[in-house]
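To find a chain, count down the sequence lines: A is the first, B the second, and so on, and within it residues start at 1. FYI, side chains are in, hydrogens and waters are out, and symmetry mates aren't considered; it's all heavy atoms of this structure.
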Amino acid sequence: MQKAMDLWSEQKIVEASNMFERIATAEMDNWLPYYYVAMVNTTASFGEKDEKKLKQQLEKAKEYIDIAKNISPDNAEILVQEAMINTAWMAFDSATYGMTLSGKNFQLYKKAAELAPENPRVVFGQAEWNMGAARYFGKDVTPYCMDIKKSLELFATFKPESQFHPNWGQERAEQVVKDCKS
Amino acid sequence: MKNQITFIICLLLVSVSSAQLRVNGIVTDKSDTPIFGANVYLEGTYDGSSTDENGKFSFETTETGTQTLVISMLSYESHYEMGDVSYFKDISIQLVEAVNSLNGVTLMAGTFEAGDNSKVSVLKPLDIVTTAGAAGDFVAALQTLPGTTTVNEDGRLFVRGGDASETQVFIDGLRVFQPFNATANNIPTRGRFSPFLFKGITFSTGGYSAEYGQALSSVLLLNTIDVPEQEKTDISIMSVGGGIGHTKIWGNQSLSFNTSYVNLAPYEALIPSNQGVRWNSPYESISGEAVFRNKSDNGIFKLYTGFNHADLDIEQENINFEDFVRFQLTNNNLYFNSSYKHFFKSNWTLTSGASVSWDANDIGLLDNIIDVKETGSHLKLKLKKGFSNRFNLSFGAELFNLDYEETFKAPNDSEFKSNYDDQLVAGFVEGDIFFSNKFAMKLDARVENTSVLDDFSFSPRVSLAYQSSEKGQFSFAYGDFYQNPQNNILGYNQDLEPQKTSHYILNYQYLDNGKTFRVEAYYKDYDNLLKFDTELPQFNSQFNNLGSGYASGLDIFWRDNKSIKNLDYWVSYSYLNTERDFRNFEERATPNFAAKHNLSIITKKWVNKLRSQVGLSYNYASGRPYNNPNTTEFLAEKTKAFNNLSFNWAYLIDQQKILYFSINNVLGFNNINNYQYADTPNVNGVFDRQTIRPAADSFFFVGFFWTISTDKKSNQLDNL
């Protein structure tokens, strides 16, 4: 697992994804390697220009997050990751996927918040999601800024179950909260 | 002792070498090009690696004995190599390209789809309803696609030289018997169904699969939503009425309903239609639709039901009568459609369903009363088996029951009844064969037996697709299609045969990042078309099946939503060359509903600053033939060309409130639908004529749409 994480941090996307995949097939009842296969492929797809490659990566991500969901149902971390996949589709082509997926994402974050209201990634993900829409319609984003600040507090005290459990998002939240003040 | 030591050393050596066995080799594709990034590992272990730029891999393992080496790579079929670990040395593996819908060839000649992920989608779900001039009628949006002909006074789909009755509509694979609202002559109709409840629309302008029958020209397939995303309430207030819809979800079950009330009276009071018509009581209707869905682990059940009650009372100019002719209509329509789909573990899918409709029209024409009652039902069972991603087989059977009854009452109380009953049994089989990612074939066959005509028919259908480059593909389709004569005719005479067409279609499509280009050439051969010897079919007409005809043409479609930011546009052009001898034609001629050239240009622009989507549509159709009895030639003259420019504007007041405004025919073109000639010549021996124009040249629409949902984000933009 650590080796796969290292490959990932070295930007060796293919190798990292393959390695997580190998771990996944060896540990069929552990949701984490499946989760990471999905996450590696999702993050790699942001900014991907090649349409064919992007679609393959996101479909693979969805396939693995679905398996992770089967292994560990009602897991807020997995729901947040699933919402990330939808966000990647929308970032790629909002006209095609925006209408159908934005409703889904709302549901995913809502369910995640019910399952784990104190999880910083859930709080942050949901707030960032709502903020985008509010900004678009020229509405006040202050309540969502409050949520993001709350998520930062939660990030500060968050203890992952193991060194391999999800523990990301704090940097991004710190970036977003900067926009709040300006 | 020495021997013993040697033995122990040997043992150690063996165990050491078995502890670190090297597995290596090379992975290539069929043409020996190395594959980079393939995942190579021993199944069930952590041991493995990825291939490098040269397709090479190498890793060490402590596993012994018989193992499975797995080589997996996106868009290739996974490869499994079984054997003793020691054999996995310097091995070379060739991966076979996986056949998949994403990059592979698609069987698509003649088909247009509107959906999310399908490669053949030319329209997005939103387009069906945000097209200027369509005013929420998905049928009107489909009329912007090539292969259709603008018949302004009708509103139904006229496809490739066929008349409107040659198109059949299906919901979840089951026939819709009366897909359009009842209306009067020269008053265009609309589709009965709100686009709101459907997720995917497939419109085939020819060469469709053997699952669909009783349509000579075209099928329109609508699929209801499987699982709604969220609970919400939709409220609409429009210049022509209002509506309310709601979706409720309980776990795996959900219910959506949608009701609407339409009354054209206030609009007519404000802006009266005055071109050859007087409304006594403008169109008024109340309608409701509901869908219940239940999704289980391996099956999905849906029940759709729709009810519609409509009334109208109109007086229309008619050259053969001194006064306007009065037409009254009351229509009641009830439709049920239920389907169940079950997925078996062994890759079998079972689809079963039933639809039934009751339709009653009470018509008052002058002083005559015509009552028409029609009951139709459709039962269907279909099985599909995916043997591999290269071969799918499906087959099924269906039964149609039609019961039609027409009563004609003259003012002198004389009564004439006509009726018929038909049981139509059909069977179909379809095979999809993907030879590679580049070449696919579909072989279908359909058999039908209709009791009312006592006729058996066999229709073979073939479709081929070849991917010529990464972005381009050629398709070809051939098929035979049969359709029984229309209800009212079967009521008078049953000693007839089904009408027949054969389609030959050649298609080329090029897809490139937001740009779609397709061109399709076709030839249609019509045979056994129905003829009669009176102006309109009636009880004493002489009927026969001696008619025939052809239609050939070229359809071109171009869509681009990437080149100009926030602007999406598409252009459709259809060239149609058709002649037929049918109905009461004296000879082969181009019928009145066939315009030689049709052009649509649709544009949509999202204006971020205004939070608005504005749309502009232009529609052109060249003149349509009409018959001038003052000349000796039949159907030889043409009306002037049809022009229409429509505009719409959707403004998002906030996330859930939309203000919508549209005008049809902004420039007020004086379009001419047709000419009506007098039955008898005047004193100078000339047949007088009257111009048939639309009841009104332009139409305005204003609506306010409000969605109340838990996420405060949904709106009805996609339903407008």
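- Taking every heavy atom of both residues into account, A/R22 and B/N39 meet most closely at NH1-OD1, 2.6 Å.
- Neither the backbone nor the side chain of B/V70 has a heavy atom closer than 4.5 Å to any heavy atom of chain A.
- The number of heavy atoms from other shown groups lying within 6.0 Å of NZ (B/K471) does not exceed 12.
- More than 12 heavy atoms of other residues, nucleotides or ligands shown are found within 6.0 angstrom of CD on A/E10.
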Which is it for A/E21 and B/S50 under the side-chain contact (heavy atoms from CB on, under 4.5 Å) test, yes or no, and what are the steps along the way?
CA-CA 11 Å; A/E21 212 177 315; B/S50 303; over 6 Å; no
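- The CG atom of A/N18 sits 6.5 Å away from atom OG of B/S72, with the distance rounded to the nearest 0.5 Å.
- Heavy atoms of B/T51 lying under 4.5 Å from chain A are absent altogether.
- Distance OG/B/S75 to NZ/A/K55: 14.0 Å, rounded to 0.5 Å.
- At most 12 heavy atoms of other shown residues, nucleotides or ligands fall within 6.0 angstrom of atom NZ in A/K12.
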Begin with the C-alpha distance, continue with both residues' side-chain angles, and end with the deciding distance and a verdict on side chain to side chain donor-acceptor pair (under 3.5 Å) for B/Y46 and A/E27.
CA-CA 9 Å; B/Y46 297 94; A/E27 300 179 20; 2.4 Å; yes
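- The local environment of CD in A/E161 is sparse, with at most 12 non-hydrogen atoms from other residues, nucleotides or ligands closer than 6.0 Å.
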Using the side-chain contact (heavy atoms from CB on, under 4.5 Å) rule, take A/K60 and B/L74 through it: C-alpha gap first, then chi angles, then the decisive distance, then the call.
CA-CA 8 Å; A/K60 183 165 188 166; B/L74 276 179; 3.8 Å; yes
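- The structure places OG1 of A/T25 at 10.0 Å from CG of B/L42, a figure rounded to the nearest 0.5 Å.
- Between the CD1 atom in B/I249 and the CD atom in A/Q107 there is a gap of 6.0 Å [rounded to 0.5 Å].
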